[in-house]
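Chain letters run A, B, ... following the sequence lines, proteins first, then strands; residues in each count from 1. Bear in mind that the values here come from a model prediction, so they are computed numbers and not experimental data.
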There are 2 protein chains.
Amino acid sequence: MAEIDTASFVPSLAIDCVVFGFHENELKVLLLKLTGVDVWALPGGFVDKNKDLEKAAIDTLEVRTGLTDIFLRQFHTFGSIARNDPNHPKFLIDKGLISEDLFDWFNQRFVTIGFYALVEYSQVKEPVPGPISEACEWCSVNDLPPLMLDHQEIVEKAHKALKRELSYQPIGLNLLPNQFTMSELQALYETILETQLDRRNFRRKILSYGILKDTKKFRTGVAHKAPALYEFDVSAYKKASQAGLNMGW
Amino acid sequence: MAEIDTASFVPSLAIDCVVFGFHENELKVLLLKLTGVDVWALPGGFVDKNKDLEKAAIDTLEVRTGLTDIFLRQFHTFGSIARNDPNHPKFLIDKGLISEDLFDWFNQRFVTIGFYALVEYSQVKEPVPGPISEACEWCSVNDLPPLMLDHQEIVEKAHKALKRELSYQPIGLNLLPNQFTMSELQALYETILETQLDRRNFRRKILSYGILKDTKKFRTGVAHKAPALYEFDVSAYKKASQAGLNMGW
DNA sequence: TTATCTTAGTGTCATAATGACGCAAAGAAA
DNA sequence: TTTCTTTGCGTCATTATGACACTAAGATAA
């Protein structure tokens, strides 16, 4: 059962992180399974009184994934009064997840600041559960388990934000391994955008951005023709990120 | 001096609104001048315990502008610990803006949720100051007076968000009067984007979106050739807003 | 009254970007 | 050796974009 020192936290405020990973052509999010019940939650937490919001999110992510230096972006703050289910604190206590004297703390109205993070799936060796959870796993965004409170909505909004981001920013540096094939990059785009793209046109367009470096190496040991391996030209990538890609005006 | 019932507010939490208007080819924001000092602030406030964040922003705007039904968008939440100037509450008390017993409330760490609003300048007849301000005025974003705390940064971030919005959404419905000329619409775009656009190419592109209706009327009594008056085709405009305009993929 | 000046409206043209799709080469599997 | 699938390269028609010329309308100046 979780014992936390609520006095050190900013009241009413929480953060939630939607951690995206990409594996087997699926967009995944990291979720925590609450101990003893089939309810899942986003990694997140309260905000220490003398900690920046960003830092609170970064620290949460480090604990769960072991990763530092993660791509992180604040995308929305969720503050509807409806999101505070009055039965929630009772539920947590009944299930033995928190002690009874935390009732008041959990019974507050919380406003949560949503961040999304992009991480390289394979880099996260063993996601670690928290004090009130028994598992931390990757789940496909298209097949989410039952989520706590409004966490489903938070995931959806994060995905939407990511989609939008994609249309004027290069994406991939934080989601793919160092070297990758053109097909893998395309699959990432298709997965995030939930649409199909023409293979040849995709190649042409992405190459035109000048953010890819041909490594002159090939992926071996795979079926069919060995595809070329690319990596991102980090400085060009960052420059393109700054400038924005498809600005309309 | 402001007397407020802090017990009814969510602690640690505030909202700030960047209200954009467009007048004389300038992008303006609505600011409040604190009584007795040359320090200005964004309209904003605390969040009532049983009020949605959006509603808090809407209510703030109604009080200041008299307008209901305003275009409003949450764009960022500001929560750095650095934004809390420990001298600020003392400053407010010294200047006689708030009573001494509010020191503790104002001395909290505040996280503020930033909204920007788009309003039609001429619709705001007489902006009304609040309890701690003696004036409420439109100021050009390019020539802002000294602002309280990090409000300058908030305005800048809002402008940036608006700029970005412009590149994949139609804008104007909420900023221009019902009928307007092509030049006025272009001036709005140029002002927000801080760039010059070719007159003829702008016309072609904006017309291609199919969101404008030719009213068959002309602006009279102006120098030179009488320009045609347009209005937005609201349903087409909303459809375009939904769909997004210049998605890259 | 006529010439001049400025803004509005329309059109042109070269170039770039996009969408649709053909074809051959490289491997792995049959 | 043949078949099958994926990769890499290219074509072509259409559309979008940037640069800019020309004419019309109306106010002002000569």
Side-chain angles (χ1 to χ4, degrees), chain A residues 24-25 166-170 172 176-177 179-191 193-231 240 243-249, chain B residues 24-25 166-170 172 176-177 179-191 193-231 240 243-249:
Chain A
E24 289 176 341
N25 283 2
L166 203 54
S167 65
Y168 54 89
Q169 296 264 292
L176 292 176
Q179 304 199 334
F180 50 87
T181 67
M182 191 57 80
S183 301
E184 286 161 358
L185 182 57
Q186 181 177 344
L188 172 64
Y189 271 73
E190 291 183 333
T191 304
L193 294 171
E194 298 175 294
T195 185
Q196 297 296 111
L197 301 169
D198 182 272
R199 189 173 60 85
R200 295 147 292 191
N201 294 339
F202 175 81
R203 161 189 294 273
R204 178 178 55 193
K205 185 156 179 175
I206 203 90
L207 284 175
S208 79
Y209 292 158
I211 57 173
L212 294 182
K213 272 195 303 194
D214 189 341
T215 64
K216 308 285 177 197
K217 287 191 275 187
F218 297 87
R219 167 138 315 151
T220 55
V222 290
H224 315 301
K225 183 171 179 177
L229 285 170
Y230 292 88
E231 32 183 64
L245 290 176
N246 288 290
M247 302 316 258
W249 293 95
Chain B
E24 286 174 344
N25 283 3
L166 204 53
S167 65
Y168 54 88
Q169 296 262 293
L176 292 176
Q179 304 199 334
F180 49 86
T181 68
M182 190 59 78
S183 302
E184 285 161 359
L185 182 58
Q186 180 178 345
L188 172 63
Y189 270 74
E190 290 182 335
T191 304
L193 294 171
E194 299 175 294
T195 185
Q196 296 298 110
L197 301 169
D198 181 272
R199 189 172 61 85
R200 296 146 292 189
N201 295 339
F202 175 81
R203 160 189 294 273
R204 178 176 53 192
K205 185 157 178 172
I206 203 89
L207 284 175
S208 78
Y209 292 158
I211 57 174
L212 294 181
K213 272 194 303 192
D214 189 340
T215 65
K216 309 285 178 196
K217 286 191 274 186
F218 297 87
R219 167 137 313 151
T220 55
V222 290
H224 315 300
K225 182 171 178 178
L229 285 170
Y230 292 88
E231 34 182 64
L245 289 176
N246 290 289
M247 302 317 257
W249 293 98

Enquirer: Report yes if a donor N or O on one partner sits less than 3.5 Å from an acceptor N or O on the other, where the partners are the side chain of R204(B) and the base of dG18(D); otherwise report no.
Expert: yes

Enquirer: Between Q186(A) and L197(A), is there a donor-acceptor pair closer than 3.5 Å when you use the side chain of the first and the backbone of the second?
Expert: yes

Enquirer: Taking atom types as they are modelled, would you say the side chain of H224(B) forms a donor-acceptor pair with the base of dT6(C) within the 3.5 Å cutoff?
Expert: yes

Enquirer: For DNA chain C, whose closest nucleotide is more 5', that of A226(A) or that of R199(A)?
Expert: R199(A)

Enquirer: For the atom pair CG (L229(B)) and CD (E184(B)), what is the distance rounded to the nearest 0.5 Å?
Expert: 7.5 Å

Enquirer: Which is more 5' along DNA chain D, the nucleotide nearest K225(A) or the one nearest N201(A)? Just name the residue.
Expert: K225(A)

Enquirer: Rounded to the nearest angstrom, tell me the gap between atom CG in D198(A) and atom P in dT14(D).
Expert: 18 Å

Enquirer: Atom OH of Y209(B) to atom P of dA16(D): distance rounded to whole Å?
Expert: 10 Å

Enquirer: Using every non-hydrogen atom in the two residues, find where L212(B) and I206(B) come nearest and quote the distance to one decimal.
Expert: CD1-CG2, 3.9 Å

Enquirer: I want to verify a distance call: between dG19(C), dG9(C), dC13(C), whose nearest atom is closest to the R200(B) side chain?
Expert: dG9(C)

Enquirer: When the nearest nucleotide of DNA chain C is assigned to S208(A) and to G221(A) on a heavy-atom basis, which residue is associated with the more 5' position?
Expert: S208(A)

Enquirer: Would you call the rings of W249(A) and Y209(B) parallel, tilted or perpendicular, where under 30° means parallel and over 60° means perpendicular?
Expert: perpendicular

Enquirer: Would you indicate what T181(B) reaches in the nucleic acid, counting non-hydrogen atoms under 4.0 angstrom: base, sugar-phosphate, or nothing?
Expert: nothing

